[in-house]
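Just so you know, these numbers come straight off a predicted model, no measurement behind them.
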Amino acid sequence: MDEKIYGLLGRRLGHSWSVPIHTALGCPGYRLIELEPEALPAFLARPDIGGLNVTIPYKRDVMPLCDVIDEAALAIGSVNTLVRRGDGKLYAWNTDAAGFRWMAERAGVSFQGRKAVILGSGGASLTARAVARRMGAREVVVISRSGPDNYGNLDRHADAEIVVNTTPVGMYPNTGVSPVELARFPRCKGVLDVVYNPRRTALLLQAEGLGIPCSDGLPMLVAQAKAAEEHFFGKAIPDSENERILAMLRQETANIVLIGMPGSGKTVVGAALAELTGREAIDIDARIVARAGRSIPEIFASGGEAAFRALEREETASAGKLSGKIILTGGGVIKDPRNYAPLHQNGRIYHLIRDLNALPTEGRPLSQGADLAAMWAERAPLYARFRDAVTENSGTVDETAAAIWRDFCENSGA
């Protein structure tokens with residue numbers, strides 16, 4: 001295995017999670033291979049190619065350089081898996097199709113008898129179209145920027161029941177934007193987004209809010225990788241590996257987010273969690289202080305709460321783009337509903353609760369001299385709106401951190 005080349009071929013691959021997936025599937029030499037278009041012919045002529053995955057923008061470009069292309073991949077019009085076999089020929093398949101189907105079925109999104117709109121016209125769009133038809137879609141419409149069906153005339157397809165995003169819109173680091181507003185599709189019954197970082201794109205957050213079955217692209221990425229490995233090494237891999245690796249990646253990449261009243265223990269519990277897990281703790285208040293060059297009381301004194309909240313919103317948006325971190329928020333982060341999406345997009349949000357009489361107020365501008373009971377009454381429904389879980393911080397710091405970590409390990413992989 002070490003003598004042959006295994007990896008992901010693309011032009012810009014900094015965002016890829018393929019290496020840990022293939023490593024978990026038993027291919028430790030798998031690596032990222034970034035090439036410019038003019039380098040493709042020489043690279044793909046190498047006799048030491050073992051197995052390659054291909055990503056944008058090369059899923060169609062590599063086809064003329066292959067010797068044998070699977071009939072299903074030819075019908076789709078793009079490939080993503082290449083293998084150099086013993087006869088010296090370069091064989092190609094499209095395992096994205098198997099990945100897309102598994103993603104849809106796992107999310108409970110049915111195409112049968114339904115109209116689907118596919119956003120985007122690239123290689124991933126070709127796969128989505130083919131699979132949607134195979135799964136029984138009665139009509140499949142491709143939305144592109146300049147085609148006959150475009151973002152300027154979406155209203156003609158308001159009857160669509162499935163929305164699939166195959167564009168990079170909303171992908172890290174440009175999170176928080178959506179290619180469409182789901183309100184334009186009042187009959188929508190399912191949303192699929194091939195983007196997998198962040199976990200919940202702005203499009204998927206809309207679907208969640210409307211109670212529409214949906215999925216990000218990570219299940220597709222994992223399932224296509226398993227199918228590719230089967231071609232690489234000519235042996236079947238149990239389907240159970242899909243769920244195992246997906247759960248592993250979910251846990252590794254999800255953030256632990258702590259919210260709660262000022263003084264509820266977010267900073268000390270966050271530090272204990274960092275010690276327990278080896279994860280980096282990101283303190284949003286500390287980032288605000290570093291950016292402003294002033295303490296929080298000084299920020300309040302000079303610009304009032306509005307100035308502080310503006311800085312808080314910007315730092316929350318920045319921290320929320322990260323993966324695999326512990327994010328510590330200020331007590332009032334929930335006062336601005338715009339902070340929810342960046343915290344939720346990659347995170348599981350824990351609400352720390354502590355007895356009001358035990359909350360310290362020193363150095364906390366909104367707590368000093370305040371009626372904490374009244375503050376709690378105002379904020380309690382806001383915390384409830386943000387949180388995924390509640391954790392009582394009534395024991396030791398280590399006990400609270402351990403309780404959060406247990407819950408996270410049990411629930412972040414879903």
Side-chain angles (χ1 to χ4, degrees), residues 54-61 63 72-80 94-171 174 177-197 200-208 210 212-221 223-224:
V54 183
T55 189
I56 55 175
Y58 297 142
K59 292 186 179 187
R60 285 180 281 191
D61 294 352
M63 294 178 74
L74 280 172
I76 291 171
S78 71
V79 301
N80 78 309
N94 185 313
T95 63
D96 278 339
F100 185 88
R101 185 178 192 114
W102 191 69
M103 169 180 64
E105 291 175 342
R106 186 177 184 275
V109 174
S110 172
F111 286 88
Q112 185 64 45
R114 290 174 170 171
K115 177 176 178 176
V117 294
I118 312 291
L119 308 177
S121 55
S125 173
L126 294 172
T127 299
R129 292 176 230 172
V131 176
R133 293 189 181 103
R134 288 181 202 164
M135 294 181 72
R138 64 175 172 83
E139 185 180 355
V140 177
V141 177
V142 177
I143 308 296
S144 62
R145 283 175 291 187
S146 56
D149 294 298
N150 55 66
Y151 296 95
N153 58 29
L154 275 179
D155 290 346
R156 67 169 70 169
H157 302 296
D159 60 337
E161 295 154 285
I162 306 294
V163 175
V164 181
N165 178 43
T166 68
T167 78
V169 176
M171 184 173 72
N174 301 312
V177 292
S178 177
V180 294
E181 294 298 317
L182 288 181
R184 304 186 74 170
F185 305 101
R187 297 176 60 184
C188 186
K189 300 292 191 299
V191 178
L192 301 172
D193 195 331
V194 301
V195 171
Y196 56 86
N197 184 13
R200 302 172 186 89
T201 60
L203 179 66
L204 294 182
L205 287 171
Q206 292 179 66
E208 274 193 5
L210 294 168
I212 299 172
C214 61
S215 178
D216 67 312
L218 191 56
M220 176 180 173
L221 184 69
Q224 69 79 26

Original post:
Closest heavy-atom contact between Asn165 and Pro179?
Top reply: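 Between these two residues, the closest heavy atoms are OD1-CG, 3.7 Å.
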
Original post:
Given the rule in the side chain to side chain contact (heavy atoms under 4.5 Å, CB included) test, do Phe185 and Val191 qualify, once you have shown the distances and angles that lead to the verdict?
Top reply: CA-CA 11 Å; Phe185 305 101; Val191 178; over 6 Å; no

**OP:** Starting at OG of Ser125, measure out to CD1 of Ile118 and round the result to the nearest 0.5 Å.
**Re:** 6.0 Å

Original post:
Should Glu105 and Ser215 be marked as a side chain to side chain contact (heavy atoms under 4.5 Å, CB included) after you check the CA-CA gap, both sets of side-chain angles, and the distance that decides it?
Top reply: CA-CA 10 Å; Glu105 291 175 342; Ser215 178; over 6 Å; no

Subject >> Separation between CG of Leu218 and CG of Asp193, rounded to the nearest 0.5 Å >> reply: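 Leu218 CG to Asp193 CG: 12.0 Å, rounded to 0.5 Å.
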
Original post:
Should we count CZ of Arg156 as having more than 12 external heavy atoms under 6.0 Å?
Top reply: yes

Original post:
Quick one: are Arg60 and Leu126 in side-chain contact, heavy atoms under 4.5 Å?
Top reply: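 With C-beta onward as the side chain, the pair touches.
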
**OP:** Kindly give the heavy-atom pair with the smallest separation between Ala73 and Val79, and that separation in Å.
**Re:**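 That closest heavy-atom pairing would be CB-CG1, 3.8 Å.
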
Original post:
Distance from Arg133 atom CZ to Glu139 atom CD, nearest 0.5 Å?
Top reply: 10.0 Å

Original post:
Could you state the interatomic distance from CG (Leu182) to CD (Glu208), rounded to the nearest 0.5 Å?
Top reply: 11.5 Å

Original post:
Just how far is it from atom OG1 of Thr127 to atom CE of Met220, taken to the nearest 0.5 Å?
Top reply: 6.0 Å

Original post:
For the side chain of Ser178 and the backbone of Ala202, is there at least one donor-acceptor N/O pair under 3.5 Å apart?
Top reply: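 Not confirmed, Ser178 side chain does not pair with Ala202 backbone.
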
Subject >> Any donor-acceptor N/O pair, Asn80 side chain to Ala97 backbone, under 3.5 Å >> reply: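 Here the side-chain-to-backbone pair does not exist.
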
Subject >> Ion pair Arg200/Asp216, N-O distance below 4.0 Å >> reply: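 Judged by the 4.0 Å cut-off on N to carboxylate O distance, Arg200 and Asp216 do not form a salt bridge.
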
**OP:** For residues Ala107 and Leu192, report the shortest heavy-atom separation together with the two atoms involved.
**Re:** CB-CD2, 4.5 Å

**OP:** Report the distance from atom CG of Leu74 to atom CE of Met63, rounding to the nearest 0.5 Å.
**Re:** 5.0 Å

Original post:
Going through the distances and angles, do Ile143 and His157 end up as a side chain to side chain contact (heavy atoms under 4.5 Å, CB included)?
Top reply: CA-CA 10 Å; Ile143 308 296; His157 302 296; 4.0 Å; yes

Original post:
side chain to side chain contact (heavy atoms under 4.5 Å, CB included) between Val142 and Asp149: does it pass, once the steps are laid out?
Top reply: CA-CA 7 Å; Val142 177; Asp149 294 298; over 6 Å; no

**OP:** Output all residues satisfying side chain to side chain donor-acceptor pair (under 3.5 Å) with Ser78, sequence neighbours left out; order by chain, then residue number.
**Re:**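 Only Asn94 meet the side chain to side chain donor-acceptor pair (under 3.5 Å) criterion with Ser78.
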
Subject >> Over all atoms of both residues, closest heavy-atom pair of Cys188 and Val163 >> reply: SG-CG2, 4.1 Å

Original post:
Would you find a donor on one side and an acceptor on the other, under 3.5 Å apart, between the side chain of Glu161 and the backbone of Arg114?
Top reply: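 Not confirmed, Glu161 side chain does not pair with Arg114 backbone.
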
**OP:** Using side chain to side chain contact (heavy atoms under 4.5 Å, CB included) as the criterion, point out the one residue from Val180, Val141, Val164, Ile162 that pairs with Val117.
**Re:** Val141

Subject >> For the student: nearest non-hydrogen atoms of Met135 and Ala104, plus distance >> reply: CE-CB, 4.2 Å

Subject >> Any Arg184 side-chain heavy atom under 4.5 Å of Asp155 side chain >> reply: yes

Original post:
Under the 3.5 angstrom rule, does the side chain of Thr166 hit a backbone N or O of Leu119 as a donor-acceptor pair?
Top reply: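 Flag set: sc Thr166 to bb Leu119 pair under 3.5 Å.
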
Subject >> Nearest heavy-atom neighbours spanning Lys115 and Asp159 >> reply: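 Heavy-atom minimum between the residues: NZ-OD1, 2.8 Å.
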
